[in-house]
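A quick write-up on the structure given underneath.
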Amino acid sequence: MIIALIIKGILAPFIIVLLYSNSKALQNQEQQIRNFWENIFGEVYQIRKQTFVKNSAFKPEYNQSRYNVAESPVYCKKSDSYKMAHPDIVLQDYYVWRDYPPSNLPKKITLDRTYAVLDKVSPSKIASYKYENQLPLQLGFIYTTVSTLFNNYVWGKGLGCVLQKYSHIPGKSSVAMKNQLIDNFMRYIRDFEKKNITNPECKRNASFIPETYRLNDEDDCKAFFETFKTTDYQKRFKKYGPQYILKTNQHRGEGITVLFENETMELLEEYDHGQECGNISKQVIAQRYISNPFLYKGHKIEFRIYYTIVSTKPVIAYSYSRALIKRCAKPFSVHSTEKGAHVCNTAIVKNLVKTDKDDDEIEDEEFFIDWYLEGLEDLLIKQGRAKKGWLQSYLYPKIHRSLIHMTKATYHSFARDSTFGEFFAVDFLLDDNLDVWVLEVNYNPQILSVTPDRIKRNYKMLEDHFELQYAFIKSKLYRLSQLGKALIKKDTKSIINQSKQVEELLRDKLEPQFELSKENLYIKIMDEGLPGTQAYTNLISKECLK
């Protein structure tokens, strides 16, 4: 009878009224939850704001972010409270903002593998009208190439919310700029003596950069030009070729000069054999050239390790366990004057060979080696220079130890907040003695589609990267939910007098239920939220941590 009445439409108005009533009740319940959390997050901002760098003010006119994205003083309260009311947004989905057009591989991966927000926005796109774009409440991971959004938004109010991650660190130039990295490295090594760390192994393990001179530093500059006057330099140059390489703060292989005979004469003339030291201020470093590199099929190779600082409060870092191996375009000889024999940058490789080959042919394994470091271990085993397990027992620990020391040497300038992180690509050289050297650190590294296998691996790497970022967002959401339950139980609506507890809650920590999946290739190598040597996965001994 009832079914017949429904079919005839007689009960339809009553059902609509019932559904509407339930809908209104749910809406009221959600609004109560959001109001509760908006009040809490308003106080959270007051507690965490002292950690921030200088921010913009809320402006009625066009902001300077290059995105024409409107800024709201209540955005973070609304975004964070919305996620607390709808936790599945964080627990089940990835909402990622990546700029640049879809032809850019990271953007394509973001579109394919996440709920991409602001997907039509790019730094170069001219807006049709003011505030064309609005920040979605669901946004969790801000994966933009523009690295200064903290200067365009009031961090913690207009962007950089509690339940967000940003892919850049204010102050990262201390590691990403060559001159600053060298300054910090030298200071870090000198501090070993100040701290009375006498074990020579501590200093040796921390020395991840070849001997380097800063030509904008008068003392370094004069010491460098003194080396040219020695008979030892002349003998080594004649036997082993170039002894030094010049570097500027440029990337992608630009700003690199190998000091062959002509280049050396030009440098000596420019600096008047060292007499002009102190008068020339341009930032150039002279670094000992590793003239005995490990060779693959007669070519020099370098390998790139992708490395992520996922938080700066505390400093937590992960290394990706699949390396990108780059082969130089020209056969190696210490006396070769061709840059392509000495510098293995991808852009240089393509530029050198494209005159002889089509672009499709350039994307060949001949120049872009699509095997992992496990392939290097197999090669060394065949040569009788290593045993099974060499990679895990020797090479990876050396790489990870270098990354840890590099971070410790430079993080003094980082802004400290759990929203800040950075994705780096660190280029290493393996010499013929199987020692490892850091050559360059790149932020905003290019992720290219040079071979089909490389595309597949880059998809996997960014999928793992998104999981890593969201694992920490999920962990924070869980801790906040526990706080909310405790406040409700105590019938308390304010946390302003619990600042220490809240600060501890906001410090990044991966909760056990959100550990990375077994398939994820990121490995934690540093977590200063842990005590003693555990903070550095026991790769730095206690006596080296005074």
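Residue indices begin at 1 and follow the sequence shown. On a predicted model such as this, the values are computed, not experimentally measured, just so you know.
Within the 3.5 Å criterion, the main-chain N or O of Glu201 finds a donor-acceptor partner in the side chain of Asn199. At distances below 3.5 Å, not a single donor-acceptor pair connects side-chain atoms of Lys83 with backbone N or O atoms of Val90. Asp93 places no side-chain N or O within donor-acceptor distance of the main-chain N or O of Ile89, the cut-off being under 3.5 Å. Using a distance-only test at 3.5 Å, with no hydrogens or angles considered, a donor-acceptor pair links the side chain of Tyr396 to the main chain of Ser321. Counting only distance, with no hydrogens or angles, the side chain of Asp464 and the backbone of Leu521 share a donor-acceptor pair below 3.5 Å. Between the side chain of Ser79 and the backbone N or O of Cys76 there is no donor-acceptor pair closer than 3.5 Å. Listed for the His168 side chain is a donor-acceptor partner under 3.5 Å among the backbone atoms of Thr144. In terms of modelled atom types and a separation under 3.5 Å, the side chain of Tyr478 and the main chain of Gln513 share no donor-acceptor contact.
Note: His465 and Phe141 meet the aromatic proximity criterion, with ring centroids under 6.0 Å apart. Aromatic ring centroids of Tyr306 and Phe423 lie under 6.0 Å apart.
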Under 3.5 Å, side-chain donor or acceptor atoms of residues 388-395 against the rest of the protein: list the pairs with distances, not counting sequence neighbours.
from, atom 1, to, atom 2, distance (Å)
Ser393, OG, Gly389, O, 2.8
Tyr394, OH, Leu434, O, 2.5

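Classification of Arg113 and Glu467 as a salt-bridged pair fails, no side-chain N sitting under 4.0 Å from a carboxylate O. We find that Lys77 and Asp80 are not joined by a salt bridge, their nearest charged nitrogen and carboxylate oxygen being 4.0 Å or further apart. A salt bridge does not link Lys313 with Asp417: none of the charged nitrogens is closer than 4.0 Å to a carboxylate oxygen. With respect to Glu440 and Lys178, a salt bridge is recorded, a charged nitrogen being found less than 4.0 Å from a carboxylate O. Salt bridge annotation for Lys107-Asp119: absent, with no cationic side-chain nitrogen under 4.0 angstrom from a carboxylate oxygen. A salt bridge is defined here as a Lys NZ or Arg NE, NH1 or NH2 lying under 4.0 Å from an Asp or Glu carboxylate O, and Arg187 with Asp183 fails to meet this definition.
Residues Ile316 and Phe472 are in side-chain contact: their nearest non-hydrogen atoms beyond the backbone lie under 4.5 Å apart.
Both tests pass for Lys172 against the ring of Tyr443: distance under 6.0 Å to the centre and angle within 45° of the axis. Cation-pi check for Arg416 over Tyr411 is met; the charged atom lies under 6.0 angstrom from the ring centroid and within 45 degrees of its normal.
Between Ser418 and the options Arg507, Lys165, Lys476, a side-chain hydrogen bond (donor to acceptor under 3.5 Å, both in side chains) holds for only Lys476.
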